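Note that this is a predicted model, so its numbers are computed, not measured. Every chain is numbered from 1 and lettered A, B, ... according to where its sequence line falls, protein lines coming before strand lines.
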Amino acid sequence: MTGYFYLLEYKVTLERLFSSTDLTMSSRLGLTFAIMLDIKKIRADFPILNRKVNGQPLIYFDNAATSQKPTQVIDKIVAYYTLYNANIHRGVHALSQEATDHFEGAREKVRAFFNIPLAKQVIFTSGNTHSINAVASGAHVFVKKEDEVIVSAVEHHSNIVPWQMLCERVGAVLKVIPVLDDGRLDMHAYHNLLNSKTAFVVVNHISNALGVTNPVKEIIDAAHQYDAMTLIDGAQSCGHMKLDMQALDADFYTMSGHKMCGPTGIGILYGKEEALNSLPPYQGGGEMIDQVSFEKTTYAGLPHKFEAGTPNIAGGIALGAAIDYLNEIGMENIAAYEHGLLVYGTAQIKNIPGAKIYGDVTDKAAVISFNVASLHPYDIGTIVDKLGVAVRTGHHCAQPVMERFKIPGTIRASFAFYNTKEEIDVMVQALQRAVTMLS
Amino acid sequence: MASIQEIQEEIVEEFSMFDDWMQRYEYMIDLGKSLPLIDESLKTEDRIIKGCQSKVWVNAELESDKIAFTADSDAIITKGIIAILIRAWSGQKPADIIAAKTDFIDEIGLKEHLSPTRANGLVSMIKQLKMYAIAYQTQVN
């Protein structure tokens, strides 16, 4: 692969790149400068990108399922177990203190990264699904019999089933925001669904099956007009765009560590302080208590109320390293670069005769969900895998979305900032070979 | 009629003529086209084999003391895989199908499809075909 430097038409304040006063002056003139993302250097940080699959160099386009991990994150896990492995929050010994400092340091990094007011509003969970379930399992304090819970038609199963279970438990009704033919939510229908019975609105920020970015700010603000609680599933957004919890104003927001260059087994639940205080703990055990007797147990304060037992200490600390890594490149730069890949990839895929993209709108993440003519996505996925290209095929754990478009599934190529246009070219060639073989 | 073992060896020999995966897949796709197709009216929910990313329908009929399999799939590669199995096992006695070995799949270079987690569900297909054989075995006895 050659030509690792990519030019991005991107408006930058040059203070971030250079300290020179002259350049700072010119940036004040509002010049649009092309910045370079050093892709060669970035790719060198991801050891897995050097490996081969089926004898071919790996092209990893399944980033919506999980992102790859830079050495900085992998090393952090090794460092934890090599140098300061100890249980946190309880030992007086030095090692325990050190481990606690690193873990709580990671919590602070998460807080700052998502512009969360207080570190105690960052709850570490085992993953995004766990975060959603933590809220849904205690949401009977917000949702009463005959109330309504609104979800969208583009959710993955993780953000449907917990809410169905809640509705069954309390006798509430599940309502669904329909999706338009282009993959966007029918916002007119959403506003009509809202009423005084609406108790909770649950939507993903970016759909995993189509990659379309939902107008979550509008959804949250409208829900709040009816005093409904809101939860935004940020599994697909947390590693690909700059997020500001205070500006967004959701009551709860869930994130996945492994989708933002962190390890698996660590996720985040953010909540407004009042919302988290109202939510009952869903798991009992050590760490989450204040006083325990057989007559009465009182719970610890935030965040420990929701962190029963020994947490994923290594995972939390390594997630902190992932955040440092993303910060170093800059989320705005990542978003701009990935958007460039999206635009390029979309154009290339459209050139394949018979290709149809689902969710082909401007406001979306670097995810392209498509089919070619009437070929089965599984057939195409199998052939391109043989050619070293990892894409996802199937229903993407979002069967209702596939049902909506009357398809068995799609091929989904999802990009990250360590991918390149050359890799997209190889994928397109692989797709064309697959189409020839299968037609 | 040749035995299961003989047919499986024949298939292994045919596949050994190809040097790369692409030719093997192309041949498998061709075999899929020769699959004895299941009657459209038999493509019911209960004949779908679970565990496949694509849909696979299989029907089994007892003809005197032998089982005739027909099948179809909405994916071409999956159709090729089921066609290979059916070529070896259709027209055989239930007891022989129950006893049939499946390592020839490995030998024709389709080993990766034998993983139980593989989305095409070859393992599920083998299981389903053997289940039919077990069910008919009781009738033959």
Side-chain angles (χ1 to χ4, degrees), chain A residues 51-58 62 65-66 156-157 209 264 354 369-399 401-403 405-412 426 429-439, chain B residues 15 18-35 37-38 43-45 47-57 71-85 105-106 108-125:
Chain A
R51 69 158 286 180
K52 290 190 167 185
V53 167
N54 290 321
Q56 305 290 327
L58 166 68
D62 197 14
T66 195
H156 58 155
H157 301 156
T264 54
S369 205
F370 64 100
N371 277 323
V372 183
S374 60
L375 294 174
H376 200 285
Y378 168 76
D379 285 327
I380 293 182
T382 303
I383 305 289
V384 300
D385 169 61
K386 282 283 187 186
L387 295 164
V389 181
V391 290
R392 181 78 179 268
T393 63
H395 55 58
H396 317 298
C397 298
Q399 285 173 5
V401 181
M402 300 302 129
E403 198 106 321
F405 292 102
K406 303 261 177 277
I407 45 176
T410 65
I411 304 152
R412 184 187 68 188
V426 174
Q429 282 162 18
L431 286 168
Q432 278 159 341
R433 263 175 94 172
V435 172
T436 312
M437 262 181 92
L438 296 162
S439 303
Chain B
F15 272 88
F18 307 117
D19 344 300
D20 67 1
W21 68 270
M22 210 151 182
Q23 291 173 332
R24 280 198 295 272
Y25 270 69
E26 272 165 355
Y27 186 56
M28 191 161 67
I29 290 164
D30 277 347
L31 290 178
K33 290 171 187 160
S34 64
L35 177 73
L37 282 185
I38 185 169
K43 282 189 179 178
T44 51
E45 278 294 316
R47 285 188 181 81
I48 292 179
I49 296 178
K50 303 275 182 229
C52 309
Q53 219 183 70
S54 48
K55 280 187 178 163
V56 185
W57 299 266
D72 200 4
S73 172
D74 57 351
I76 303 170
I77 292 172
T78 314
K79 210 165 149 175
I81 292 169
I82 191 83
I84 291 170
L85 270 184
I105 301 280
D106 188 353
I108 58 179
L110 297 174
K111 191 182 178 183
E112 71 258 30
H113 294 283
L114 273 176
S115 149
T117 52
R118 186 80 196 184
N120 69 39
L122 175 56
V123 171
S124 310
M125 291 180 212

Less than 4.5 Å to any heavy atom of chain A: does that hold for the side chain of Ile29(B), its backbone, both, or neither?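 Only the side chain of Ile29(B) comes within 4.5 Å of chain A.
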Stepwise salt bridge (Lys or Arg N to Asp or Glu O under 4.0 Å) check, Asp72(B) with Lys55(B): CA-CA 8 Å; Asp72(B) 200 4; Lys55(B) 280 187 178 163; over 6 Å; no
Are Thr44(B) and Arg47(B) close enough that a side-chain donor and a side-chain acceptor fall under 3.5 Å?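 There is such a pair (donor and acceptor under 3.5 Å, judged by atom type) between the side chains of Thr44(B) and Arg47(B).
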Thinking salt bridges, do Lys79(B) and Asp74(B) make one under a 4.0 Å N-O criterion?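 No.
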Side chain, backbone, both or neither: which part of Ile380(A) has a heavy atom under 4.5 Å from chain B?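 No part of it gets close to chain B.
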Which bit of Thr393(A) comes within less than 4.5 Å of chain B, counting heavy atoms only: side chain, backbone, both or neither?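 Both backbone and side chain.
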Determine whether more than 12 heavy atoms belonging to other residues, nucleotides or ligands lie under 6.0 Å from atom CD of Gln56(A).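 Buried by this count: over 12 neighbours within 6.0 Å.
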